[in-house]
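Because only heavy atoms are used, hydrogens play no part in the values below, and waters and symmetry mates are left out as well, while side chains stay in.
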Amino acid sequence: LFEQRIADRLGLDVHHQLLDAARYLESPAPATLDSFRVHGYRVYEEVRRYLNRDLSTAERAQVERVRELHEGLEVTAQHAFDLTRRGERDEARARVAEMYRQAGSLRDAVERFVEMRFADRADLRERQHRSLVLFTALTGLTALLLFVPLALLTRMLHARLVAPLEALAR
């Protein structure tokens, strides 16, 4: 399912962001911040892909929740980066630990969205199945309704035209 692939990529990018944040805490380097930002942009792109889908109101709200959670995670990360630059490592570690909690909430929100999409797909398949059964039944009924009058018309034509002509021909 398309949504599951997006969720997997999103989760992987968030995981990379967490690793980058922890790495930056131990060894602050601009390349680590760049990597963090690249993965953050990828998450943004994945969320945007979700939002470009045909979604129900509840599903759209869930994707917005995912977006908000990710933005919160990035704000916390930026705070941790600032604390690291100022040399406040213990406080920065506490922020990174908060990021891990936020990432758990983010993962749960993404999983909830995927579950919603699976349920929506199952409902759609059920509705399509019911429509197909109804269509098949109506087609059969229509064929029957056409067949019966045609059979009666054939019988009447045989009795009124063919049988008298056969009698005359003898």
Side-chain angles (χ1 to χ4, degrees), residues 1-140:
L1 189 65
F2 182 76
E3 285 82 4
Q4 186 63 53
R5 285 194 307 271
I6 292 174
D8 292 343
R9 286 191 303 261
L10 192 149
L12 185 61
D13 284 320
V14 168
H15 180 73
H16 281 288
Q17 282 190 296
L18 293 171
L19 291 175
D20 288 338
R23 192 176 306 128
Y24 187 82
L25 200 66
E26 297 306 316
S27 176
T32 306
L33 285 180
D34 290 343
S35 176
F36 180 88
R37 289 186 181 106
V38 164
H39 290 291
Y41 182 74
R42 288 180 186 164
V43 170
Y44 166 79
E45 286 294 314
E46 299 303 339
V47 168
R48 201 167 59 85
R49 278 191 185 97
Y50 275 148
L51 290 172
N52 286 332
R53 308 282 295 166
D54 184 25
L55 303 174
S56 70
T57 304
E59 291 166 342
R60 189 164 299 283
Q62 187 66 22
V63 173
E64 290 295 338
R65 173 88 175 120
V66 167
R67 186 176 56 81
E68 290 168 4
L69 288 168
H70 182 255
E71 287 173 357
L73 183 139
E74 287 199 325
V75 167
T76 302
Q78 188 59 52
H79 194 198
F81 299 153
D82 293 343
L83 290 167
T84 300
R85 277 192 290 275
R86 290 195 307 249
E88 300 176 37
R89 297 222 184 249
D90 290 338
E91 188 61 31
R93 280 188 186 87
R95 294 289 179 233
V96 170
E98 175 62 23
M99 284 178 61
Y100 277 90
R101 286 190 293 279
Q102 289 172 317
S105 296
L106 178 61
R107 183 195 64 241
D108 293 345
V110 170
E111 286 175 4
R112 174 70 184 121
F113 170 74
V114 171
E115 288 169 2
M116 291 169 78
R117 291 296 284 175
F118 277 130
D120 187 47
R121 298 278 172 140
D123 289 344
L124 177 62
R125 278 192 301 276
E126 180 61 32
R127 286 193 310 272
Q128 287 174 336
H129 176 72
R130 284 193 308 263
S131 295
L132 182 61
V133 168
L134 180 62
F135 176 75
T136 303
L138 290 175
T139 302

Q.
Please give me the minimum heavy-atom distance between Leu55 and Glu59, naming the atom from each residue.
A. CA-OE1, 3.5 Å
Q: Give the ring-plane orientation class for Phe36 versus Phe81, where under 30° counts as parallel, over 60° as perpendicular and anything between as tilted.
A: perpendicular
(Q) Nearest 0.5 Å, please: how far is CZ in Phe118 from CD in Glu111? (A) 11.0 Å
Q: Measure the CG-CG distance between Asp90 and Leu83 for me, rounded to the nearest 0.5 Å.
A: 10.5 Å
(Q) Surrounding CG of Asp54 (heavy atoms of other residues, nucleotides or ligands, distance under 6.0 Å), is the total greater than 12? (A) no
Q | Closest contact, heavy atoms only, Gln102 versus Gly72 | A | NE2-O, 3.5 Å
Q: State plainly whether the residues Asp8 and Arg5 are in salt-bridge range, i.e. N to O under 4.0 Å.
A: no
Q) What distance separates Arg130 CZ from Leu132 CG, expressed to the nearest 0.5 Å? A) 12.5 Å
Q: Can you establish whether the number of heavy atoms outside Arg107 located under 6.0 Å from its atom CZ is more than 12?
A: yes
(Q) I need the minimum non-hydrogen distance between Leu106 and Val14, along with the two atoms involved. (A) CD2-CG2, 3.5 Å
Q. For Val47 and Leu51, what are the C-alpha separation, side-chain angles and deciding distance, and is it a side chain to side chain contact (heavy atoms under 4.5 Å, CB included)?
A. CA-CA 6 Å; Val47 168; Leu51 290 172; 4.2 Å; yes
Q) Of all heavy-atom pairs between Gly40 and His70, which one has the smallest distance, and what is that distance? A) O-CE1, 3.8 Å
Q. CG of Leu25 to CZ of Arg23: how many Å apart, nearest 0.5 Å?
A. 12.0 Å
Q.
Let me confirm one number: the CD1-CZ distance from Ile6 to Arg53, rounded to the nearest 0.5 Å.
A. 6.5 Å
Q) CD of Gln4 to CG of Leu10: how many Å apart, nearest 0.5 Å? A) 11.0 Å
Q.
I'd like to know if the side chain of Gln62 and the backbone of Ala109 have a donor-acceptor N/O pair within less than 3.5 Å.
A. yes
Q | Pairing of Arg93 and Glu26 as salt bridge, 4.0 angstrom limit | A | yes
Q) When you check the side-chain N and O atoms of Asp13 and Gln17, is any donor under 3.5 Å from an acceptor? A) no
Q | Test: Glu91 and Arg95 ion pair at under 4.0 Å | A | yes
Q.
On a heavy-atom basis, which atom in Thr84 and which in Ala92 lie closest, and how many Å separate them?
A. OG1-CB, 3.4 Å
Q) Could you walk me through whether Arg117 and Tyr50 pass the side chain to side chain donor-acceptor pair (under 3.5 Å) check? A) CA-CA 11 Å; Arg117 291 296 284 175; Tyr50 275 148; over 6 Å; no
Q: Determine yes or no for a side-chain-to-main-chain donor-acceptor pair under 3.5 angstrom, with Tyr44 supplying the side chain and Glu71 the backbone.
A: no
Q. Can you tell which of Arg48, Arg49, Arg42 makes a salt bridge (Lys or Arg N to Asp or Glu O under 4.0 Å) with Glu45?
A. Arg48
Q: Would you please test Val63 and Arg67 for side chain to side chain contact (heavy atoms under 4.5 Å, CB included) and show each step?
A: CA-CA 6 Å; Val63 173; Arg67 186 176 56 81; 5.7 Å; no
**Q.** Heavy-atom closest contact (Ala7 atom, Val114 atom, distance)
**A.** CB-CG2, 3.8 Å
Quick one: side chains of residues 27-35, donor-acceptor pairs under 3.5 Å with protein atoms, not counting sequence neighbours, listed by atom name and distance.
unit_1 : atom_1 : unit_2 : atom_2 : d
Ser35  : OG     : Asp20  : OD1    : 3.4
Ser35  : OG     : Asp20  : OD2    : 2.7

(Q) Does any part of the side chain of Arg85, heavy atoms only, come nearer than 4.5 Å to the side chain of Asp82, both counted from C-beta? (A) yes
Q. Salt-bridged, Arg60 to Glu64, with N to O below 4.0 Å?
A. no
